[in-house]
Amino acid sequence: MDMHYVEKKWQEKWEKSKLNYFNKKNMDKKFYCLEMFSYPSAAKLHVGHWYNYGPTDSYARFKKMKGYEVFQPMGFDAFGLPAENYAIKTGIHPKDSTEKNIATMETQLKAMGAMFDWSAEIKTCEEDYYKWTQWLFLKLYENGLAYRKEAPVNWCSGCNTVLANEQVIDGKCERCGTVIVKKNLTQWFFKITAYAEELLKDLDGLDWPEKTKAMQRNWIGRSSGGEIEFTCESGDTFKVFTTRADTVFGVSYVVLAPEHPLVKKLCSKEQRAAVDAYLEETSKTDEIDRLSTTREKTGVFIGHYAINPANDKRVPIYIADYVLYSYGTGAVMGVPAHDERDFAFATKYGLPINRVIISGNGDDDLPYCEDGILVNSLGHDGEKSADARKAIINSLAQKGKGAHCINYRLRDWLVSRQRYWGAPIPMVYCDKCGEVPVPVKDLPVKLPYDVEFKPDGKSPLAKSEEFMSTVCPKCGRKARRDPDTLDTFVCSSWYFLRYPDAKNPDEPFDKDVINKMLPVDKYVGGPEHACMHLLYARFITKALRDMGYLNFGEPFKSLTHQGVILGPDGNRMSKSKGNVISPDDYIEQYGSDVFRLYLMFGFSYTEGGPWNDDGIKSVSKFLDRVERLAEKTRAMKGRNTAFGRDEKELNYARNYAILNVNKDLEAFSFNTAVARLMEYVNALYKYDAADDSLKNVKLLKDCVNDLILLLAPFTPHFCEELWSLADGKKSVFLTPYPEADMNALVRDEVEYAVQVNSKMRCKLVLSKDATVDDIRAAALAEPKIAEATEGKNIVNVIIIPNRLINVICK
RNA sequence: GCGGAUGUGGCGGAAUUGGCAGACGCGCCGGCCUUAGGAGCCGGUGUCUACGACGUGUGGGUUCGAGUCCCUUCAUCCGCACCA
């Protein structure tokens with residue numbers, strides 16, 4: 001078959017008949033199948049795009065043939081860093097390069113032959129999309145879920161600019177090699193922590209991979225404990241968070257995060273120089289290093305003391321980089337006797353190690369980090385750790401010095417970016433009124449085209465007077481805009497809500513439409529999004545639900561991650577490694593159907609693996625085999641309607657294939673589904689090999705029809721062509737997918753494996769109706785079994801129905 | 001470092017979830033067909049010292065029975081909050 005001709009022909013016909021467009025009249029049968037949208041890169045579609053979109057489209061086509069009204073939209077996550085970096089390097093404007101890239105990718109995506117509903121396309125960099133991203137920001141602000149605070153950024157003094165983590169290599173700027181320091185800026189945050197508990201709890205009800213749920217649970221990192229307030233000699237107070245309040249009598253020092261505001265205030269004259277040097281050093285260290293448990297713990301005494309509220313003991317205050325200001329209260333109590341890290345720290349700095357927990361079982365090594373029984377703990381001696389944790393916090397609470405609390409590792413979401421290519425933050429700063437949100441009617445706050453991207457110490461937008469200069473929406477005086485843009489994750493945290501009503505000019509989405517179309521029934525994308533995008537999208541959905549815009553709280557009912565296709569050398573594909581596989585070459589040679597079928601057959605979908613094209617020819621040959629069979633049977637004539645042993649066997653093969661292809665497609669197990677189809681084709685060839693006069697032609701033709709239907713989601717153009725040649729009146733995709741006839745799968749006889757003491761001895765064919773006693777008797781009567789059990793006592797016979805018999809003897 | 005995963009023939013990968021390891025395919029071997037075959041059709045193919053034994057990264061355990069469950073250890077991959 002001339003694949004290129006056939007593919008083009010059907011793509012045009014499908015487009016004309018609007019086969020792939022969602023029909024709103026059938027909304028009650030909707031199936032929302034969503035693939036993560038693409039970043040418009042300058043390179044062409046790579047294998048990863050194909051691997052995500054090809055097989056998932058086959059799944060969507062399967063669902064369509066199962067009678068669902070499938071909605072499968074596509075769009076572009078078009079804002080982001082790479083376009084801006086490209087602009088800095090080449091002078092080509094991000095808008096121009098992005099639009100050009102999108103146009104190329106659209107053509108390629110269309111040539112893939114997927115059922116994308118292009119009437120619902122969205123591009124996040126267009127005004128009619130980012131207008132609503134800004135709307136989302138305003139709604140979160142209105143509802144107290146967006147706020148400003150100081151937070152550190154990576155600052156390169158060489159380039160005079162903020163860098164993404166990705167641009168920092170070994171603590172240095174990737175462009176100029178300058179050592180990066182942390183610098184505090186006032187930035188916008190979304191209060192995702194307000195939903196920490198619900199985000200954790202609702203994971204239980206999701207049809208998501210367990211590993212993804214586990215990762216989110218750990219990311220949210222709930223821990224239950226208490227806050228204890230320490231008072232400094234200066235009179236200032238700070239709280240520490242601890243899960244081990246039972247050890248509070250063993251505190252011999254406290255540690256503040258270096259960034260803690262009290263550090264500068266309390267630091268003594270004598271210690272000033274050492275503390276400043278330590279702060280300088282910390283600003284150059286990244287978080288992964290700071291949290292490393294094997295790295296040597298360092299810290300500096302700040303020359304000030306605090307009082308332990310449990311026993312009024314005076315303890316020194318240290319700073320240490322292993323305490324993060326962003327986690328808990330940014331301060332911890334040091335209990336060297338009962339914490340590995342504190343033990344190492346105390347040993348290094350000569351701090352007292354006070355034992356307050358004993359094991360009770362003679363294990364008296366320190367540090368002792370398990371629960372135990374309290375000693376040296378005033379009124380709490382003899383209590384068990386678990387009880388003491390509650391009791392100690394309760395008694396501290398009475399003095400106003402403690403409280404039970406739940407802490408999360410999850411941090412609020414920093415959304416400000418000091419960059420150009422993103423959605424402007426719709427806020428205005430007025431000398432008189434302070435921070436003022438832009439009214440919704442004035443959206444979008446347009447991103448100006450003429451700006452200077454070259455890094456020179458200011459955000460690109462801050463340099464555009466035309467952009468910055470505005471009037472206060474409240475008082476009408478001169479005011480300034482926010483010069484930052486939103487994290488692109490904000491754009492992608494709600495795009496699935498826009499698709500079903502993508503062209504709505506008045507609102508981000510129509511409430512009624514969205515509540516019928518969502519949640520997404522199947523979401524497919526890479527596992528690298530497990531913690532960030534997928535968590536942000538869940539948060540935004542819950543927030544909008546609480547504002548009354550949605551009546552559901554989870555955006556993605558069912559989730560599947562595709563694996564990663566690596567280069568032939570087993571490494572991630574990259575230009576620098578020279579191991580990039582271009583789909584185009586294969587599509588040129590074989591067509592898109594063959595390429596997609598190979599992606600489905602050659603890999604385990606959720607695993608991926610190194611690229612290897614040995615199998616692509618075999619997949620092409622398989623389609624040739626199908627085509628020859630279809631051609632031959634189409635011309636066949638015959639009146640034989642016999643239904644003998646061979647016919648029964650063929651019918652079994654047919655229904656076995658139908659049953660399993662259905663199951664496997666449902667489970668995204670494409671490789672086994674294709675294997676079942678190959679087996680089926682082998683069975684058809686076997687039947688066809690008989691003398692023509694003996695064949696039941698009607699049966700054979702029905703079987704081949706089922707084959708074309710079964711295969712249609714996998715190779716849509718190829719099968720649409722075969723179907724039309726076989727007189728299919730309407731599109732194969734408007735024809736119901738075959739359902740298995742379970743009666744045809746009942747076999748009269750079953751083969752058993754027979755073991756003696758768990759060793760395979762022989763096989764045994766028995767009637768499906770055989771009773772346990774029959775099976776036992778037949779097994780023992782087998783010569784090989786009789787031989788193996790001769791002279792021994794038969795202790796037991798284990799029978800697993802339809803599978804196995806195990807004779808246990810001594 | 002922390003968190004999550006993976007490890008099965010020469011290769012890509014299966015295994016009804018604790019029940020015949022290696023489905024399906026590649027490769028290889030053989031046969032048929034053919035003027036020819038890098039086409040097609042049919043059959044074989046885990047390893048070995050081979051009527052038996054051994055085999056799912058390593059070492060142990062649970063069980064009548066383990067690729068699957070538990071412990072140990074090694075190796076590799078992914079994420080870590082400003083890449084998207």
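Protein chains get the first letters and strands the later ones, always in sequence-line order, with residue 1 at the start of each.
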Under the 3.5 Å rule, do the base of [N] and the side chain of [X] count as making a donor-acceptor pair?
{"X": "Q418(A)", "N": "C82(B)", "result": "yes"}
{"X": "K617(A)", "N": "C26(B)", "result": "no"}
{"X": "E528(A)", "N": "C80(B)", "result": "no"}
{"X": "R676(A)", "N": "C24(B)", "result": "no"}
{"X": "N612(A)", "N": "C11(B)", "result": "no"}

Would you say a side-chain N or O of [X] is under 4.0 Å from OP1 or OP2 of [N]?
{"X": "N671(A)", "N": "G25(B)", "result": "no"}
{"X": "R411(A)", "N": "A81(B)", "result": "no"}
{"X": "S604(A)", "N": "G13(B)", "result": "no"}

Checklist entry - Taking the same atom, P, in C24(B) and in U72(B), what whole-Å distance lies between them? => result 39 Å
Checklist outcome for this item: Stems field, RNA chain B, Watson-Crick or wobble, 3.5 Å, at least 3 pairs, by first number, holds B:1-7 with B:74-80, B:10-12 with B:24-26, B:27-32 with B:40-45, B:46-48 with B:52-54, B:59-61 with B:69-71
Spacing of [X] atom [atom1] relative to [N] atom [atom2], expressed in whole Å:
{"X": "N218(A)", "N": "A81(B)", "atom1": "CG", "atom2": "P", "result": "15 Å"}
{"X": "M600(A)", "N": "G25(B)", "atom1": "CE", "atom2": "P", "result": "17 Å"}
{"X": "Y680(A)", "N": "G25(B)", "atom1": "OH", "atom2": "P", "result": "16 Å"}

Next on the checklist: Does either side chain, that of T282(A) or that of D321(A), offer a donor lying less than 3.5 Å from an acceptor on the other one?
Outcome noted: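 On atom types as modelled, these side chains do not qualify, holding no pair under 3.5 Å.
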Checklist entry - What class does the angle between the rings of Y523(A) and F556(A) fall in, given that below 30° is parallel, 30 to 60° is tilted and above 60° is perpendicular? => result parallel
Next on the checklist: If I take atom CD1 from residue I775(A) and atom CG from residue L764(A), how far apart are they, to the nearest 0.5 angstrom?
Outcome noted: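 Here the interatomic distance stands at 9.0 Å.
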Next on the checklist: Using O4'-C1'-N9-C4 for purines and O4'-C1'-N1-C2 for pyrimidines, with syn meaning within 90° of 0, is U17(B) syn or anti?
Outcome noted: syn
Checklist entry - For G9(B), does the O4'-C1'-N9-C4 (purine) or O4'-C1'-N1-C2 (pyrimidine) torsion place it in syn, i.e. within 90° of 0, or in anti? => result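 It is syn.
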Item to check | Nearest-nucleotide 5' precedence on RNA chain B, N802(A) against L163(A) | outcome: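 Looking at RNA chain B, the more 5' nearest nucleotide goes with N802(A).
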For residues 670-679 of chain A, which side-chain N or O atoms pair as donor and acceptor with protein atoms under 3.5 Å away, sequence neighbours left out?
residue : atom : partner : partner atom : Å
T672(A) : OG1  : D664(A) : OD2          : 3.0
T672(A) : OG1  : S669(A) : O            : 3.0
T672(A) : OG1  : S669(A) : OG           : 2.5
R676(A) : NE   : E679(A) : OE1          : 2.8
R676(A) : NH2  : E679(A) : OE2          : 3.2

Item to check | Partner of T124(A) by side chain to side chain contact (heavy atoms under 4.5 Å, CB included), out of Y129(A), W494(A), Y39(A) | outcome: Y129(A)
Atom pairs, protein N/O to nucleotides 37-43 of chain B N/O, distance under 3.5 Å:
residue : atom : partner : partner atom : Å
G40(B)  : O3'  : R628(A) : NH2          : 3.1
C41(B)  : OP1  : R625(A) : NH1          : 2.6
C41(B)  : OP1  : R628(A) : NH2          : 3.2

Checklist entry - S416(A) near the nucleic acid: base, sugar-phosphate alone, or nothing, with a heavy-atom cut-off under 4.0 Å? => result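 Base, at least one base atom sits under 4.0 Å.
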